[in-house]
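For reference, the structure discussed in these notes is given below.
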Number of protein chains: 2
Amino acid sequence: MTDPFREAQPEKPAPKAVISRVSLYLRQLENLQRFGHKTISSSQLGSLLGINDAQVRKDLAHFGPFGHPGIGYQIEELIPILRGILGIDRVWKTALIGLGNLGRALLRYRGFRGRGFQVIALFDTDPKKIGQTHAGLTVHSLQELPTVAAELGIQLAILTVPAEVAQAVADLAITSGIQGILNFAPAPLNLPETTALVSVDLSTQLEQLAYKVLTAHAGQIPPHE
Amino acid sequence: MTDPFREAQPEKPAPKAVISRVSLYLRQLENLQRFGHKTISSSQLGSLLGINDAQVRKDLAHFGPFGHPGIGYQIEELIPILRGILGIDRVWKTALIGLGNLGRALLRYRGFRGRGFQVIALFDTDPKKIGQTHAGLTVHSLQELPTVAAELGIQLAILTVPAEVAQAVADLAITSGIQGILNFAPAPLNLPETTALVSVDLSTQLEQLAYKVLTAHAGQIPPHE
DNA sequence: TAGATTGTTAATCGATTAACAATC
DNA sequence: TAGATTGTTAATCGATTAACAATC
């Protein structure tokens, strides 16, 4: 019933919360390795990230028995396993759609390239932007998305377009064969089950912060200043 | 036991998940108002956002009985209530720390200003950047944070600095009297209980997307390409 | 009134934590 | 061996959903 040649992957997709912690574990392990550490226990790793030790063990055990009782986890051994689980052990061909301020900033963001996300095509609808060059790439008209995506084999899209057009652009991306969208537009997107979607909603985040400040200092801030 | 003059605020802070949905409700209500709608039921609002109707009612009832049985919620009435709950019915004096690509992009991001978050001071450590002007503001040396923050009454900070220095800069922000931090550095921050923290981790988000694509097309993508 | 919809209780579901035998 | 730490089961906690009397 078990296939020894299969990759370390769960039977069912692990809960979303588990996966976001796996990202944190990986980054922490990479930092530890940089400082010469060889092994780490679940309680050490957890306390660095503010996570319960049982949770660390349970999260990792989801994917296989990677730990060594009495010793902990081998950092060098665990890193490539986690990279494989997350799917960042390969190159992801990515398009950036929308070259406003945020789009241009993300294009230069180093955190992406180092994780295997390679932006290889740019798209916009603004005639003034089409034809411009950013980070060595020429901006295409959005109309060209289907042909360019097919030609280059684009898999992911980073969406930094206005909320009003986000759904239409996402629809076009999907008919162009794109498998996953990282959405920065503050709009709820309706996509088919087969397409992966992660949304990053910056204004919502700031609202969370305002609420937290208000409740942390409950009563100390006048209601309207 | 109940004080009729008190603002619509919960006894205890509502769960984090509730608050992020309240942000979504508010934005959807603002859109509906723009299109002339007057009332909306929990099931209509929920289906626009992919949220269960009972959850919508429960989330809102957390803060008070704002609905009208048989009718739904008055959009015009609910919007200012939600703005008050989130704390975006006022101006938040905000500093931006770190003028790299992401920082400069966020400075121009329209989603912030419209929500009451006003960036009124910029800080960096790079001598080449100090003294520059962005969006009409002069970049201060980070050393000046305590004095400038006190002088201007800065309440929030947006942190777009490298991960290695994030903790030190956050510590300085807190001793400068800043009450809340929106952190974009990919590092876990350790802050006192009294300081509010929201972290936005962009590389983690892309990793979530890669994992989702992988599991959505389980087995259809070769393990290494 | 009849129909619609709320606020809330109870039921369900899922996620986190504690505890501990098994292992090195 | 003794001490440390895993993987996992059971207990706890919290969040979501269903159901429905109360209300307009």
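Since this is a predicted model, take the numbers as computed values, not measurements. Within every chain, numbering begins at 1; the chains are lettered A, B, ... in the order of the sequence lines, protein sequences first and strands thereafter.
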Looking only at heavy atoms, the pair that brings B:Ala95 and B:Phe123 closest together is CB-CE1, 3.9 Å
Rounded to whole angstroms, how far apart are [atom1] on [X] and [atom2] on [N]?
| X | N | atom1 | atom2 | answer |
| --- | --- | --- | --- | --- |
| B:Asp59 | C:dT6 | CG | P | 13 Å |
| B:Phe66 | C:dT8 | CZ | C1' | 16 Å |
| B:Asn52 | C:dT12 | CG | P | 16 Å |
| A:Glu77 | D:dT6 | CD | C1' | 13 Å |
| A:Lys16 | C:dC13 | NZ | P | 22 Å |
| B:Asp53 | D:dT16 | CG | P | 14 Å |
| A:Gln74 | C:dC24 | CD | P | 13 Å |
| B:Gln55 | C:dT12 | CD | P | 18 Å |

Note: for A:Ile71 and A:Ala54 on DNA chain C, the residue whose nearest nucleotide lies more 5' is A:Ala54
Walking DNA chain C from its 5' end, the first of A:His68 and A:Ala17 to be reached, judged by nearest nucleotide, is A:Ala17
Can you identify which nucleotide, out of [options], has its nearest atom closest to the [X] side chain?
| X | options | value |
| --- | --- | --- |
| A:Pro15 | D:dG7, C:dA15, C:dT17 | C:dA15 |
| A:Lys58 | D:dT17, D:dT9, C:dT23 | D:dT9 |
| B:Pro69 | D:dA18, C:dT5, C:dT16 | C:dT5 |

Taking only side-chain nitrogens and oxygens of [X], does any of them come within less than 4.0 Å of OP1 or OP2 of [N]?
| X | N | answer |
| --- | --- | --- |
| A:Arg57 | D:dT6 | yes |
| B:Tyr73 | C:dG7 | yes |
| A:Ser42 | D:dT6 | yes |

| task | Say whether A:Ser42 and A:Arg57, considering side chains only, have a donor N or O and an acceptor N or O under 3.5 Å apart. | result | yes
* No-hydrogen, no-angle side-chain donor-acceptor test under 3.5 Å, A:Asp53 and A:Ser43 -> no
Re C:dG7: Watson-Crick or G-U wobble partner, both distances kept under 3.5 Å, found to be D:dC20
Taken to the nearest 0.5 Å, the spacing of B:Glu30 CD from B:Arg27 CZ works out to 9.0 Å
Can you find a pair of side-chain heavy atoms, one from B:Leu60 and one from B:Leu78, that are under 4.5 Å apart? yes
